[in-house]
Amino acid sequence: MTTDTDTASHFIKDIIAADLRANKHGGQVVTRFPPEPNGYLHIGHAKSICMNFGLAEEFRGRCHLRFDDTNPATEDVEYVDAIQADIRWLGFDWGEHLHFASDYYQHLYDCAERLIQLGRAYVCTLTAEEFKAYRGVPTQPGRPSPWRDRPPAESLDLFRRMKAGEFADGQYVLRAKIDMASPNLHLRDPVIYRIRRAPHHRTGDTWCIYPMYDFAHCLSDAVEGITHSICTLEFEVHRPLYDWILDALATPCHPQQIEFARLNLSYTLMSKRKLQLLVQEGLVQGWDDPRMPTLAGLRRRGYTPAAIREFCRRIGVTKFNSLTDVALLEHCLRDDLNRRAARAMAVLRPLRLVIENYPAGRVENMEAVNNPEDPAQGVRPVPFSRELLIERDDFMENPPSGFYRLAPGRAVRLRYGYCVECTGVVKDPATGEPAEVHCVYDPDSRSGAGAKRNKKVKATLHWVSQLHARPLEARLYDRLFTVPDPADEAAAGGDFRRVLNPASLQKVTAMCEPGLAQAGPGAHYQFERLGYFFTDPADSRPGAPVFNRTATLRDGWARESGKAGAG
RNA sequence: UGCCGGAUGGUGUAACGGUAGCACAGCAGACUCUGGAUCUGUUUGUCUAGGUUCAAAUCCUAGUCCGGCAGCCA
């Protein structure tokens with residue numbers, strides 16, 4: 001039996017298992033999740049989080065949370081807090097190991113000085129434009145900077161003055177001295193320190209020079225004793241530099257960088273930059289807008305941590321650039337919610353149903369099962385009366401073949417109630433649409449108790465008593481994007497904003513059974529055949545409850561007939 | 001066209017020289033107090049061409065296609 005934090009077998013596990021057998025890192029496994037605090041975590045990050053924490057758990061090691069905060073211009077403490085909350089919500093714990101690259105600034109600086117003294121780094125005076133010209137292109141080797149052979153003492157002096165704030169941003173950089181002719185661009189004397197005057201969210205203005213990713217990341221890994229530094233595929237070409245720096249400084253710890261393919265999801269924008277644009281331009285309510293693929297957004301949309309972890313387990317880990325069908329994510333949510341969510345009856349587009357032979361003023365409490373898949377959730381009473389509301393789509397005056405629900409002359413069961421037979425329909429004179437359906441009930445067919453309690457009918461409908469029903473305002477979540485494939489974004493003129501789905505997050509008012517509120521906020525409900533309803537307990541904004549139809553039950557009738565009428 | 005990486009059904013993933021399996025999606029059926037859920041069955045696959053081998057998705061060679069790399073971002 002596997003738990004949902006286990007990951008399926010994959011190549012990184014094979015590597016770790018082999019390292020363990022060879023006693024490569026003294027039998028230790030230490031991983032880390034290294035976000036840059038410049039945005040919120042999204043479903044793609046969940047893949048990395050589940051893998052890194054999952055690996056640590058499985059191999060009895062540990063996993064650090066380290067903020068890669070080496071670019072003060074883009075980072076903010078808001079993100080530091082949100083990221084931690086989201087990881088905790090997902091169900092992972094870094095224990096004592098909350099780290100920041102900024103904690104290592106002094107150490108990193110010392111390493112840089114050492115590199116200079118070793119003659120393996122130099123301060124370069126080239127401008128950004130000159131730097132680019134000297135670097136060359138992939139197919140052509142670069143040329144050495146005129147400052148490449150600057151004596152270490154001179155570089156050291158300049159570097160110290162860079163740190164002291166004597167120079168303007170961009171005036172000097174520190175570069176590793178590697179190979180300007182390398183076919184790998186990242187080895188053509190990469191910049192490892194730059195001057196950047198921007199307040200850092202943790203160190204303030206203590207520093208005006210900041211290490212680049214390539215310099216800070218490998219050394220931070222080494223400081224923390226990371227054994228397996230797992231990152232995404234685009235860092236593959238950085239690996240020689242990762243190893244070069246650690247080798248040059250002869251660090252006692254030399255973690256192994258392993259790359260895997262990042263998650264791509266159909267219909268889903270995964271670019272942090274573009275998500276940020278949606279937030280900045282006010283196209284969504286914020287990073288936690290229920291339409292966003294962020295963990296905060298998914299949470300508000302009713303996604304459960306277990307569903308997301310299970311999804312991450314199922315998608316696997318490879319080096320293949322794949323496009324995962326979002327249907328798998330939705331399946332994982334249904335799978336979890338079907339097991340746990342309480343059932344409730346509600347109608348989205350009400351149609352009055354009058355039972356002509358049911359006494360006016362009479363109310364019966366019908367016994368409804370809270371969750372057929374979990375008897376422990378018990379039963380609840382649901383008031384039944386003469387005038388009910390049913391789903392508008394559950395009635396058709398002229399039903400085509402294949403439609404089993406209510407129509408003139410037809411009998412259906414009202415779930416947990418009685419069987420009724422339709423005797424007629426009253427139409428709205430203005431629109432010609434059905435305004436009220438009339439029927440008669442069979443008193444012997446009462447659910448659970450009547451003599452004809454097992455009476456066979458073609459269909460069963462959900463309903464609420466009109467007198468007792470309470471309105472419940474929510475936002476109907478639909479997919480934010482309408483494109484079938486990220487590739488189609490290009491077809492939309494390259495502007496991802498043009499593929500936004502205007503129908504997403506529209507207001508709906510469901511008429512629901514009176515007892516619904518008693519279950520308390522934060523609970524999930526499954527509205528029979530309609531979808532899932534969820535209220536974020538921490539969210540009191542108007543219209544905050546979300547009705548999630550994407551992870552919905554499919555309407556078999558509408559699907560087969562090709563009629564998209566179901567509401 | 002330089003370097004690095006990748007290619008298994010519609011999608012994702014497993015098999016690490018020995019029966020190509022699993023999941024999602026799809027389709028069909030059973031059951032059901034909703035046609036959902038559940039259960040059962042099922043269609044579809046090793047990029048191409050050579051080679052090694054008793055045996056190749058797996059190893060070798062050549063090709064094809066896809067992705068990444070030219071921030072003082074991460």
Side-chain angles (χ1 to χ4, degrees), chain A residues 8-11 14 34-36 38 68-71 73-75 124 126-128 131-132 135-142 169-175 182-188 190-196 210 212-214 216-217 231-240 259 261 266 272-273 314-332 334-335 338-339 343 368-369 372-373 391 394 402-405 412-417 419 445 447-448 453-462 526 528-531 552-560:
Chain A
S9 171
H10 57 71
F11 78 100
D14 294 343
E36 184 191 11
N38 66 348
D68 231 337
D69 55 349
T70 55
N71 185 359
T74 58
E75 296 157 5
C124 184
L126 253 28
T127 65
F131 175 90
K132 193 173 172 182
R135 184 184 42 214
V137 293
T139 52
Q140 293 288 322
D169 287 14
Q171 200 175 338
Y172 292 101
V173 292
L174 182 68
R175 303 176 67 175
S182 171
N184 183 342
L185 283 286
H186 297 280
L187 259 23
R188 318 242 265 228
V191 172
I192 56 178
Y193 259 92
R194 79 285 211 189
I195 304 169
R196 172 158 299 185
Y210 292 92
M212 297 287 288
Y213 163 86
D214 284 305
H217 201 91
C231 62
T232 46
L233 243 28
E234 66 267 27
F235 292 104
E236 222 158 11
V237 284
H238 293 240
R239 189 174 355 117
E259 308 86 12
S266 59
K272 207 192 258 181
R273 191 186 66 78
R314 291 197 191 195
I315 55 176
V317 177
T318 67
K319 291 171 91 86
F320 175 63
N321 286 296
S322 58
L323 177 63
T324 298
D325 192 338
V326 73
L328 179 61
L329 177 62
E330 293 169 351
H331 167 84
C332 290
R334 280 198 299 271
D335 201 42
N338 281 338
R339 217 165 21 239
R343 274 36 169 199
V369 175
E373 296 184 37
E391 205 67 56
D394 286 345
F403 184 83
Y404 298 158
R405 280 118 87 168
V412 297
R413 174 172 287 283
L414 296 170
R415 186 158 209 203
Y416 302 125
C419 291
S445 66
S447 178
R453 60 180 176 274
N454 291 323
K455 181 173 177 172
K456 290 289 173 200
V457 287
K458 279 276 203 181
T460 303
L461 307 186
H462 54 272
Q526 181 187 106
E528 303 280 358
R529 213 186 57 221
L530 296 177
T552 205
L553 322 158
R554 268 71 50 85
D555 189 313
W557 141 249
R559 185 182 58 212
E560 274 170 38

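Below, read A as the first sequence line, B as the second, and so on, with proteins coming before strands; counting in each chain starts at 1.
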Checklist line | side chain to side chain contact (heavy atoms under 4.5 Å, CB included) involving A:F320 - partner list, sequence neighbours excluded | finding: A:T318, A:S322
Notebook entry, point to check: Mind checking what makes side chain to side chain contact (heavy atoms under 4.5 Å, CB included) contact with A:D325, not counting sequence neighbours?
Noted result: A:S266, A:A327
Every protein N/O within reach of nucleotides 21-23 of chain B N/O, cut-off under 3.5 Å:
{"from": "B:A23", "atom 1": "O2'", "to": "A:R314", "atom 2": "NH1", "distance (Å)": "3.0"}

Item checked: By side-chain hydrogen bond (donor to acceptor under 3.5 Å, both in side chains) - contacts of A:T232 (at least two apart) -> A:E234
Note to self: If the condition is side chain to side chain contact (heavy atoms under 4.5 Å, CB included), which residues does A:K458 pass it with, not counting sequence neighbours?
What the structure shows: A:Y404
Check: How does RNA chain B look in dot-bracket form if you count Watson-Crick and G-U pairs under 3.5 Å, write [ ] for pairs that cross, and put | where a base pairs with another strand?
Finding: .((((((..((((....[..)))).(((((.......)))))....(((((..]....))))))))))).....
Would you list the protein and nucleotides 71-74 of chain B atom pairs, both N or O, that sit under 3.5 Å from each other?
{"from": "B:G71", "atom 1": "OP2", "to": "A:R135", "atom 2": "NH2", "distance (Å)": "3.2"}
{"from": "B:C72", "atom 1": "N4", "to": "A:L126", "atom 2": "O", "distance (Å)": "3.0"}
{"from": "B:C72", "atom 1": "N4", "to": "A:A128", "atom 2": "N", "distance (Å)": "3.1"}
{"from": "B:C73", "atom 1": "OP1", "to": "A:R196", "atom 2": "NH2", "distance (Å)": "2.7"}
{"from": "B:C73", "atom 1": "OP2", "to": "A:R194", "atom 2": "NE", "distance (Å)": "3.0"}
{"from": "B:C73", "atom 1": "OP2", "to": "A:R194", "atom 2": "NH2", "distance (Å)": "2.9"}
{"from": "B:C73", "atom 1": "OP2", "to": "A:R196", "atom 2": "NH1", "distance (Å)": "3.1"}
{"from": "B:C73", "atom 1": "OP2", "to": "A:R196", "atom 2": "NH2", "distance (Å)": "2.8"}
{"from": "B:C73", "atom 1": "O3'", "to": "A:R194", "atom 2": "NH2", "distance (Å)": "3.2"}
{"from": "B:C73", "atom 1": "O2'", "to": "A:N71", "atom 2": "ND2", "distance (Å)": "2.8"}
{"from": "B:A74", "atom 1": "OP1", "to": "A:T70", "atom 2": "O", "distance (Å)": "3.4"}
{"from": "B:A74", "atom 1": "OP1", "to": "A:T70", "atom 2": "OG1", "distance (Å)": "2.7"}
{"from": "B:A74", "atom 1": "OP1", "to": "A:R194", "atom 2": "NH1", "distance (Å)": "3.4"}
{"from": "B:A74", "atom 1": "OP1", "to": "A:R194", "atom 2": "NH2", "distance (Å)": "3.0"}
{"from": "B:A74", "atom 1": "OP2", "to": "A:Y213", "atom 2": "N", "distance (Å)": "2.9"}
{"from": "B:A74", "atom 1": "O3'", "to": "A:D68", "atom 2": "OD2", "distance (Å)": "3.4"}
{"from": "B:A74", "atom 1": "N6", "to": "A:H238", "atom 2": "NE2", "distance (Å)": "3.2"}

Next item on the list: Please name all residues satisfying side-chain hydrogen bond (donor to acceptor under 3.5 Å, both in side chains) with A:N184, sequence neighbours left out, ordered by chain then number.
Entry: none
Notebook entry, point to check: Which whole number of Å gives the distance between the P atom of B:U13 and that of B:U52?
Noted result: 33 Å
Checklist line | Non-neighbouring partners of A:K132 that pass side-chain hydrogen bond (donor to acceptor under 3.5 Å, both in side chains), sequence neighbours left out | finding: none
Checklist line | For A:R135, side-chain hydrogen bond (donor to acceptor under 3.5 Å, both in side chains) partners two or more places apart | finding: none
Kindly give the atom pairs (protein nitrogen or oxygen, nucleotide nitrogen or oxygen) under 3.5 Å for nucleotides 39-43 of chain B.
none

Check: Say you pick atom P in B:U46 and the same atom in B:G21; how far apart are they, in whole Å?
Finding: 13 Å
Note to self: Tell me every residue that passes side chain to side chain contact (heavy atoms under 4.5 Å, CB included) with A:H331, counting only those two or more places apart in sequence or in another chain.
What the structure shows: A:R314, A:R334, A:D335
